[in-house]
Amino acid sequence: MTYRSIAMDGPSGAGKSTLARALAARLGFLYVDTGAIYRTVGLYTARQGGDCGRKEDVVSRLPELRLSLAYGEDGLQHMFLQGEDVTEAIRDNAVSRYASQVSAYPEVRAFLLEMQRELARTHNVIMDGRDIGTVVLPQADLKVFLTASVEERARRRWAELAARGQEVDLATVREEIARRDYDDTHRAAAPLRKAADAVEVDTSHLNFQESLDALLALVKERLSL
């Protein structure tokens, strides 16, 4: 059986996870949130007293790391760390920074690469992240580069955190988004960049439904689904 794959890359806060999940549900594809995987590595390092900004603190703990994915009846991806469901815990604002730090290490990326590719070999997938179209799934049937302005991404992230009861200043969130953009695009290992054959979709002035409709139209056009 031949499986289809859609790679969705883009900066933090562009709406990749929400849109990729919705698109996967509409198409009957498996949704793979690779950012959640890196968040889990960062969470584990921090819980063990390590500094995610120190490569040795992270890499030395990989052999003991028990990380797995599971999908509920709702089709949502759950992350398990040492047997514990940490799906909610990894969404803490501090963990966003951890994810950016640990994802910069080639050893971490290599450790997780085969897990991600195996999912694409055995399912129709929509996979989102920073280097899916350029490194993880370079032969993806469709590559999307989803983006939005820094201001709009900060506003969305602030609203998301507020809905969870986390009081964070909007200016602080914008600063963190901009810093993560810099880190993600300047890291030595698989930096964030648009694949040469990716289609850019800017959602700065689109609401959720308009963004989803644009992606569905793109999939229909490119994959004849």
Side-chain angles (χ1 to χ4, degrees), residues 8 10-22 24-25 30-105 107-109 111-113 115-116 119 125-132 136 153-170 172-177 179-181 183-184 187:
M8 189 177 295
S12 177
K16 295 187 305 299
S17 296
T18 306
L19 285 166
R21 184 184 300 114
L30 185 69
Y31 166 57
V32 182
D33 177 2
T34 63
I37 302 174
Y38 287 102
R39 284 171 176 266
T40 304
V41 175
L43 178 65
Y44 181 70
T45 301
R47 282 184 171 183
Q48 296 301 307
D51 179 355
C52 292
R54 295 185 68 249
K55 180 178 176 179
E56 178 56 29
D57 280 12
V58 179
V59 175
S60 65
R61 289 177 166 83
L62 292 179
E64 66 200 45
L65 180 64
R66 290 192 293 112
L67 182 156
S68 61
L69 294 74
Y71 293 84
E73 293 181 2
D74 54 6
L76 297 183
Q77 174 181 307
H78 288 254
M79 294 304 308
F80 288 84
L81 173 62
Q82 313 303 94
E84 174 194 353
D85 187 339
V86 294
T87 305
E88 288 299 320
I90 61 173
R91 294 302 165 187
D92 186 81
N93 199 40
V95 182
S96 294
R97 179 66 172 165
Y98 301 157
S100 186
Q101 291 172 318
V102 304
S103 65
Y105 307 133
E107 293 85 350
V108 175
R109 305 197 75 85
F111 178 76
L112 299 175
L113 184 60
M115 172 194 293
Q116 297 169 65
L119 288 168
V125 301
I126 296 180
M127 192 175 294
D128 77 350
R130 300 292 189 279
D131 65 343
I132 309 305
V136 180
R153 288 186 283 129
R155 186 195 66 76
R156 293 173 184 173
R157 178 63 174 160
W158 175 82
E160 177 187 348
L161 292 171
R164 291 179 181 159
Q166 297 184 40
E167 295 185 9
V168 185
D169 180 67
L170 178 58
T172 300
V173 174
R174 187 192 185 286
E175 189 176 299
E176 291 174 349
I177 290 276
R179 183 173 63 221
R180 186 165 185 187
D181 282 354
D183 290 345
D184 288 345
R187 67 188 181 210

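Count residues from 1 along the sequence.
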Inset, instruction - Report the distance from atom OH of Y44 to atom CD of E84, rounding to the nearest 0.5 Å. - result: 12.0 Å
Legend entry - Which residues share a side chain to side chain donor-acceptor pair (under 3.5 Å) with T34, sequence neighbours left out: none
Legend entry - Under the salt bridge (Lys or Arg N to Asp or Glu O under 4.0 Å) test, residues paired with E88 that sit two or more places apart: none
Legend entry - side chain to side chain donor-acceptor pair (under 3.5 Å) against R155, all qualifying residues, sequence neighbours excluded: E152
Inset, instruction - Would you check, one step at a time, whether the test side-chain contact (heavy atoms from CB on, under 4.5 Å) holds for L161 with E167? - result: CA-CA 7 Å; L161 292 171; E167 295 185 9; over 6 Å; no
Legend entry - Check: Q116 and I132 side chains under 4.5 Å, non-hydrogen atoms: yes
Legend entry - Nearest atoms (heavy-atom pairs only) where L170 meets A154: CD1-O, 3.7 Å
Inset, instruction - Keeping the roles fixed (side chain from K16, backbone from G10), state whether a donor-acceptor pair exists under 3.5 Å. - result: yes
Inset, instruction - Using a 4.5 Å cut-off on heavy atoms from C-beta on, say whether the side chain of R109 contacts that of R187. - result: yes
Inset, instruction - Apply salt bridge (Lys or Arg N to Asp or Glu O under 4.0 Å) to E175 and list each qualifying residue two or more places apart in sequence or on a separate chain. - result: none
Legend entry - Counterpart residues, side-chain contact (heavy atoms from CB on, under 4.5 Å), relative to A94 (two or more places apart): D92, Y98
Inset, instruction - Not counting sequence neighbours, list each pair that qualifies as a salt bridge (Lys or Arg N to Asp or Glu O under 4.0 Å) and has a residue in residues 36-45. - result: none
Inset, instruction - Search all heavy atoms of D33 against all heavy atoms of D128 and return the closest pair with its distance. - result: CA-OD1, 3.4 Å
Legend entry - side-chain contact (heavy atoms from CB on, under 4.5 Å) against T40, all qualifying residues, sequence neighbours excluded: L67, M79, L81, V86, I90
Inset, instruction - Considering non-hydrogen atoms only, spot the tightest contact between C52 and A46 and give its length. - result: SG-N, 4.4 Å
Inset, instruction - Please name the pair of heavy atoms, one in V102 and one in G42, separated by the smallest distance, quoted to 0.1 Å. - result: CG1-CA, 3.9 Å
Inset, instruction - Please name all residues satisfying side chain to side chain donor-acceptor pair (under 3.5 Å) with R157, sequence neighbours left out, ordered by chain then number. - result: N93, S96, E160
Inset, instruction - With sequence neighbours excluded, tell me which residues meet side chain to side chain donor-acceptor pair (under 3.5 Å) with R54. - result: D57
Legend entry - Atom pair OH (Y105) and NZ (K55), whose distance is rounded to the nearest 0.5 Å: 8.5 Å
Inset, instruction - Start with the C-alpha gap between Y71 and Q77, add the side-chain angles, then the distance that decides, and say whether side-chain contact (heavy atoms from CB on, under 4.5 Å) holds. - result: CA-CA 5 Å; Y71 293 84; Q77 174 181 307; 3.2 Å; yes
Inset, instruction - Compare all side-chain heavy atoms of S12 with those of R130 and state whether any distance is below 4.5 angstrom. - result: yes
Inset, instruction - List the steps and the verdict of side-chain contact (heavy atoms from CB on, under 4.5 Å) for R153 and D181. - result: CA-CA 11 Å; R153 288 186 283 129; D181 282 354; 2.7 Å; yes
Inset, instruction - State which residues pass salt bridge (Lys or Arg N to Asp or Glu O under 4.0 Å) with D183; sequence neighbours excluded, sorted by chain then number. - result: R97
Legend entry - Audit row: L119, L69, side-chain contact (heavy atoms from CB on, under 4.5 Å) steps and yes/no: CA-CA 10 Å; L119 288 168; L69 294 74; 4.1 Å; yes
Inset, instruction - Determine whether R174 and W158 make a side-chain contact, defined as any pair of heavy atoms from C-beta on separated by less than 4.5 Å. - result: no
Inset, instruction - Give the minimum heavy-atom separation between S100 and R180, together with the two atoms involved. - result: CB-NE, 3.5 Å
Legend entry - Distance (rounded to the nearest 0.5 Å) between S60 OG and L65 CG: 11.5 Å
Inset, instruction - Please name the pair of heavy atoms, one in V95 and one in A89, separated by the smallest distance, quoted to 0.1 Å. - result: CG2-O, 3.9 Å
Legend entry - Partners meeting salt bridge (Lys or Arg N to Asp or Glu O under 4.0 Å) with R61 (sequence neighbours left out): none
